Number of protein chains: 2
Amino acid sequence: MSADYQQISDSLVKIYSNILRIEESELRKSQFNNLTIQEMHAINAISMYEHKTASQVAKELHLTPGTLTSTIDRLVKKGYVERIRSKDDRRVVRLGLTKKGRVEYRAHAAFHEKLVKQFLQGFNGEEVGVILQALRNLEGFMDEYS
Amino acid sequence: MSADYQQISDSLVKIYSNILRIEESELRKSQFNNLTIQEMHAINAISMYEHKTASQVAKELHLTPGTLTSTIDRLVKKGYVERIRSKDDRRVVRLGLTKKGRVEYRAHAAFHEKLVKQFLQGFNGEEVGVILQALRNLEGFMDEYS
DNA sequence: TTTTTTTGTTTGGCATTCAAACAATTTGGT
DNA sequence: ACCAAATTGTTTGAATGCCAAACAAAAAAA
């Protein structure tokens, strides 16, 4: 195993075991300091305009329906999300962001954009292609184990 | 924002919001199916031979002392970890892996190695250098926000 | 020797998660 | 139209995961 190889391994471990913690600590310093990282991910999955159903969001987040219910309960109480009973099918709950939820969504997207900018800083188009391919390899690995 | 850029952003989000979940689901299928991902990370931080103190491990994992105490309690009960009271300084607790803990440690390292292999699959030395630099950029971003 | 600091544990409380039981509604089969 | 089955989401009960604050023991500093 080469030196580069070991460094990449260490780097990956460091990144994936710290990135969510760092996102959360940034959140704590912002105006949205009463949100946890999981709640923020839920807001992200609900997203701006689509009014997905609870099932769809639960599947996206790999959560059981019961877990999602409690997450949504909290987000409703905190004023980020609203439940909309579907009129076609009265079993279905559609989810939407409140104005406050949409503001948070955009703030988080901006943070991501800064992150990606720094990740790709200093590379030309060809190099960006290499990086993209490596990430796809990793996605492929993850898909195998899903 | 270019198409590549957007794809890299999506890929990064997918990776960092799923990789730990996938590690955990692999764990569930193995002989170590009574470990959670956090417990596994603790085993990893304790590591093979050093007998770190509880404080050192807590710092590494960004956990409060109280949280670490309860994690270690569980790992001791499950037979992966042992507490060793220091003789020099009787306040200090040093942590070590049992034989079972060391077996788990190696199994997890092997999983990581497969992951990194697939991540770097098909690239030459120069390209690996580009990938390493991108990861370092990301580490730099994380350090700014720590 | 007394005070302060360090190290780890305990306590209390909330968040996160799942599995299983449940209720409401819709769909499918007859 | 009616009954059985499937779907959708909620509730309940239990374990883990986390922190802050109070605490106890030991070591270091004064």
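As the structure is a computational prediction, the values presented were derived from the model and not from experiment. Every chain is numbered from 1, with letters handed out A, B, ... down the list of sequences.
- Applying the salt bridge (charged side-chain N to carboxylate O under 4.0 Å, His left out) test to every pair with at least one member in residues 31-47 of chain B, sequence neighbours left out, gives these pairs: B:E39-B:R74, B:E39-B:K78.
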Where do N or O atoms of nucleotides 4-8 of chain D meet protein N or O atoms at under 3.5 Å, pair by pair?
residue	atom	partner	partner atom	Å
D:dT7	O2	A:R91	NH1	2.7

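- Every residue two or more places apart in sequence or in another chain was checked for a salt bridge (Lys or Arg N to Asp or Glu O under 4.0 Å) with A:R90, and none qualifies.
- With sequence neighbours excluded, no residue forms a salt bridge (Lys or Arg N to Asp or Glu O under 4.0 Å) with A:R102.
- Residue B:K99 qualifies as open at atom NZ: its count of foreign heavy atoms under 6.0 Å is 12 or below.
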Between side-chain atoms of residues 40-47 of chain B and protein atoms elsewhere (two or more places apart, or another chain), which donor-acceptor pairs fall under 3.5 Å?
residue	atom	partner	partner atom	Å
B:N44	ND2	B:H108	ND1	3.0
B:S47	OG	B:E50	OE2	3.4

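- Residues from residues 17-35 of chain B with heavy atoms under 4.0 angstrom of DNA chain C: there are none.
- Contacts of A:R83 with the nucleic acid, taken as non-hydrogen atoms under 4.0 Å apart, involve only primed sugar atoms and P, OP1 or OP2.
- Between B:I72 atom CD1 and D:dC18 atom P the separation is 12 Å, expressed in whole Å.
- DNA chain D lies under 4.0 Å from at least one heavy atom of each of the following residues of residues 58-69 of chain B: B:H62, B:L63, B:T64, B:T67.
- By the side-chain hydrogen bond (donor to acceptor under 3.5 Å, both in side chains) test, A:E126 pairs with no residue at all, sequence neighbours left out.
- In this structure, the CD atom of B:Q38 is 12 Å from the P atom of C:dC18, given to the nearest Å.
- Straight-line distance from the CZ atom of B:R90 to the P atom of D:dA24: 18 Å, rounded to whole Å.
- Looking at residues two or more places apart in sequence or on another chain, you find no side-chain hydrogen bond (donor to acceptor under 3.5 Å, both in side chains) involving B:K59.
- Annotation: ring pair (Phe, Tyr, Trp, His ring centres under 6.0 Å) contacts of B:F111 (sequence neighbours excluded): A:F141, A:Y145.
- Per the geometry, CD belonging to A:E39 stands 8 Å off C1' belonging to C:dA15, to the nearest Å.
- The salt bridge (Lys or Arg N to Asp or Glu O under 4.0 Å) check on B:E82 picks up nothing, with sequence neighbours excluded.
- Applying the salt bridge (Lys or Arg N to Asp or Glu O under 4.0 Å) test to B:K14 and every residue at least two apart in sequence or in another chain returns A:E139, A:D143.
- As a whole-Å value, the separation of A:R85 CZ from C:dT26 C1' is 13 Å.
- Summarising the geometry, the separation between CG on B:D73 and C1' on C:dT10 is reported as 10 Å, rounded to the nearest angstrom.
- A donor-acceptor pair under 3.5 Å is formed between the side chain of B:Y5 and the backbone N or O of A:E113.
- Between the CD1 atom of B:I37 and the P atom of D:dC18 there is a distance of 11 Å, given to the nearest Å.
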